Every structure is written in structure tokens, then in C-alpha cells.
Amino acid sequence: MSEFKQADHKLLVIPGPIEFSDPVLLANATPGTAHTSPAFIPVFGESLKLLRKVLESTEESGSQPILIAGSGTLGWDAVGVNLVQRGDEVVVLNTGYFGDSFAECLEIYGAKVNQVKAEVGDIPSDDAIIKALSSKPKVITITHVDTSTGVLSPAAHIASLVKKHSPDTLIVLDAVCSVASEEIKFDEWGLDVVISATQKGLGVPPGLSVVLASKRAVEVSEKLTPQGYYISWKKWIPIMKNYEAGKPSYFATPPVQLVYALNTSLKSITSKPISERVEAHKAASKYVKDELSAIGLDFVPKNRDIAANGMTAVRFPQGLKAPDVLPKLAERDIVVAAGLHKAIVTEYFRIGHMGVTAVDRQRGDLEKVINGIKEVLGKNKD
């Protein structure tokens, strides 16, 4: 059989789904395989172990990886179902659209949500966070990268504030758009839950909810009556432990082919130190932002220190809007994303640069994007 090569297509540079490598897509074409098959069990088990490695956690810490069919959004429900009881106070640090949505989800499960909202393009102040922690909330949530603004929250710093001012508060990191593209040190930072998905930095087609829970979070969940069925950790954690131990197990059917694809991607990601991958994303981000700055464009985040490395939220030049730019990029086989944050929705667009686009610079993806933007804006200036 000749070597697999995916079909020609427009370059997808939105903040997820992203471009997928040929080996990952080939793994997704695995023949029909039982989820209890002796061939599949070690693949699932290894994927759980490798997920810890990506997030810089150890088995000895008692952290528990959980992979369930679903999107990144399902991670919000996992928190609401397994860690929150009606009336519990939760602090949501809001840096955009996804803070709003996480808060809405937790309120459905009866949480008393206190949102600490930042100005558009900014992060909440330390004083505001410390004040919110004074009531000793059950949970605090941090959107690591809010893709509606391109803002990167300083998760390590925020976690240190929580440890100092409310050490019993569970720290939940919404890392849907930061796993495998931004630095995350699960054990060192003392995180309790990281939620993510496959279609962003992990470079795998959408369809898997990715969670890592600390020993402390698991122990809290064990004492509560879960507020849901499918997403209950009491149902899923024994399954995950069995797969990691090499035993067949069943609660609900996992997406077998996606797990094969994830396993292929995780092996590639962990073949080098995670720090190298993070640095590659930083370099890609610097290239994109430097090039766009050089042609006079500005960004949604207030400064580079709080700008994501896996994506860029770019303001349109004065007088231009999405219909003036995005269709013309699409004509050049470049797909970027429109604005999302309702307060500034017409004022900016979003470029994703995660996974192979950032790490495999020989592909020339970033140069294609920058050249396309320069061409389009140049024509508009004529």
C-alpha cells in the first residue's frame, strides 16, 4: 500500500479544530475494533499514561486521566456533576465568552457562581481574585486561553494565590485551547482538574473529552452524589483504572478509532520534552504577532504577556470588517475564524497556530497565513 496522504484542502488555521498530521488521520482509519479487544486495551491504557506526561503529572501523585466521548464542553459538565452540590460557591474567572459559558453550566447544577470579570482583553487583578477567595469557595475556575479574546491567564500565578488565600478551594483549569500548546505543570502548580479536548493542541479530530483530575478532586467526588449519569466519575474512573491496568472494562462505548488517533498523537508529542513543544508554540506566536504588528495591526489582548501562544486575536484595520477580509483569505485557501466576543464581535478575527502548524515549520503554514493577510490588506488599501 502506498503511504497515506490526506486530500488537498484549504489550510485550517482557526483556534480549533486544527490541521491534523497524516499519521493521526491514518490511525483514525483503524478497522472496526471491539473496545474490549486485546489489541485496543493497551492502546487506551497507554493513552491515559501519556496524557499525564503531557500535563506533567505522575501516577504516584494519584492523578486520574479520564477520556470520554464528547467535546471539550463536556468537561464543564464533569465539574458540575462530580464536584459541585447545589448551593456550593464557585468563583469563575472570566476573560471572555468561555467564562460566561462555564458559569452558565455550573449554575444549571445549582452552584452559586461569583464571576470575577476582566475588561475585554485583560485578566482579573490579583486583588479581585483574593477578594473572591475570602469566602473560601468550593471551586475556582480559570479559563487558561479564552479563544474569544486570545487572552492567556497566568494559571501558575493564580494557583499560587489560591493556595495562599483559600487552600481548600479546588482549582479547575479550562485548558481546552491550551493543552499541548501552553505550559501546564499539573502537579507542580497544584491543579485539581484540567479539562480539554482533542481537536486543538493535541492535534486529533474532535470527539473526546479530555480530563485530568487530582487525587484530591477524586476524593471530593467520591463523597458526593453525582448530579448526572453519563458523566459520573463514579461510573468512569473504575473503567479508566481497568484500562490502565490492562483489563477490559465497560460502562459506555469509547470512540475506539479516535483513541487510536489520540495515541498516535500523544506518542509523537511525548517523543520530545514537552518544554520544547511549548517553546515551538511561543516561537510560532512571536512570528505571527511580530509580522502582523509590522504591518500596523493591533491585538485584542492588552499586552503580549497575556496573549496566547496557540492563537492570535487580531483587530481589523480601521474601516474593515470580516466580510472584507475572511472571504478573500478563503479564496487563497486560508480559513481563519471570525470574532466571537459579543462586545467586539465585528472588530477582530482569530488565527489558530497550534499543533503541526506551529511545530512543523517546514510545512510553511504560518508564512502562507501571513502572506495571505498581507496580500488581502494590500489590495484593500489600493
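No hydrogens, no waters, no symmetry mates; every other heavy atom, side chains included, goes into these values. As the structure is a computational prediction, the values presented were derived from the model and not from experiment.
Applying the salt bridge (Lys or Arg N to Asp or Glu O under 4.0 Å) test to pairs two or more places apart or on separate chains, those with a residue in residues 114-125 are Asp100-Lys117, Glu119-Lys302. The stretch residues 21-35 participates, sequence neighbours left out, in these side chain to side chain donor-acceptor pair (under 3.5 Å) pairs: Gln6-Asp22. Sorted by first and then second residue, the pairs that involve residues 201-224 and meet salt bridge (Lys or Arg N to Asp or Glu O under 4.0 Å), not counting sequence neighbours, are Asp192-Arg216. A salt bridge (Lys or Arg N to Asp or Glu O under 4.0 Å) check over residues 131-148, counting only residues at least two apart or in different chains, returns the pairs Asp88-Lys138.
Between Lys53 and Lys49 the shortest side-chain heavy-atom distance does not fall below 4.5 Å.
By the ring-ring contact (aromatic ring centres under 6.0 Å, His included) test, Phe40 pairs with Phe44, Tyr260, sequence neighbours left out. Among residues two or more places apart in sequence or in another chain, the ring-ring contact (aromatic ring centres under 6.0 Å, His included) test is passed with Phe251 by Tyr229, Trp236. Partners of Lys10 according to the salt bridge (Lys or Arg N to Asp or Glu O under 4.0 Å) rule, which considers only residues two or more places apart in sequence or in another chain, are Asp333. Listed by chain and number, the residues in a ring-ring contact (aromatic ring centres under 6.0 Å, His included) with Trp233 amount to none (sequence neighbours excluded). With sequence neighbours left out, Glu46 forms a side-chain hydrogen bond (donor to acceptor under 3.5 Å, both in side chains) with Asn263. Shown here are the ring-ring contact (aromatic ring centres under 6.0 Å, His included) partners of Phe349, two or more places apart in sequence or in another chain: Phe316.
Within a 6.0 Å sphere centred on NZ of Lys321, heavy atoms belonging to other residues, nucleotides or ligands number 12 at most. Within 6.0 Å of CD on Glu276 lie more than 12 heavy atoms contributed by other residues, nucleotides or ligands.
Distance check: Ile66 CD1 to Ile231 CD1 gives 8.0 Å after rounding to the nearest 0.5 Å. Note that CG of Leu212 is 4.0 Å distant from CZ of Phe186, once rounded to the nearest 0.5 Å. For the atom pair CZ of Arg52 and CG of Asp187, the computed distance is 9.5 Å after rounding to the nearest 0.5 Å. The NZ atom of Lys282 lies 11.5 Å from the OG atom of Ser181; values are rounded to the nearest 0.5 Å. Taking CD1 of Ile18 as the reference point, atom CG of Leu12 lies at 8.5 Å (rounded to 0.5 Å).
Residues Ile239 and Lys235 share a closest heavy-atom pair of CG1-O, 3.3 Å.
Looking at Ser166, its side chain never comes within 3.5 Å of a backbone N or O of Val162 through a donor-acceptor pair. Looking only at distances, a side-chain donor or acceptor of His353 sits under 3.5 Å from a matching main-chain atom of Asn309.
Linking ILVMFWY side-chain heavy atoms closer than 4.5 Å, directly or via other members, places Val204 and Val356 in two distinct hydrophobic clusters.
Using a cut-off of 4.0 Å between Lys/Arg side-chain N and Asp/Glu carboxylate O, Lys328 and Glu375 are scored as not salt-bridged.
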Sequence neighbours excluded and cut-off under 3.5 Å, please list the side-chain donor-acceptor pairs for residues 106-116, or say none.
from: Tyr109; atom 1: OH; to: Asp77; atom 2: OD2; distance (Å): 2.4
from: Gln115; atom 1: OE1; to: Asn94; atom 2: ND2; distance (Å): 2.6

**Prompt:** Does the side chain to side chain contact (heavy atoms under 4.5 Å, CB included) test come out yes or no for Val369 and Ile373, once each step is laid out?
**Reply:** CA-CA 6 Å; Val369 175; Ile373 291 170; 3.8 Å; yes

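Clustering of Ile, Leu, Val, Met, Phe, Trp and Tyr by side-chain heavy atoms under 4.5 Å joins Val151 with Ile123, Ile306.
Between Leu202 and the options Ile269, Leu208, Val24, a side-chain contact (heavy atoms from CB on, under 4.5 Å) holds for only Ile269.
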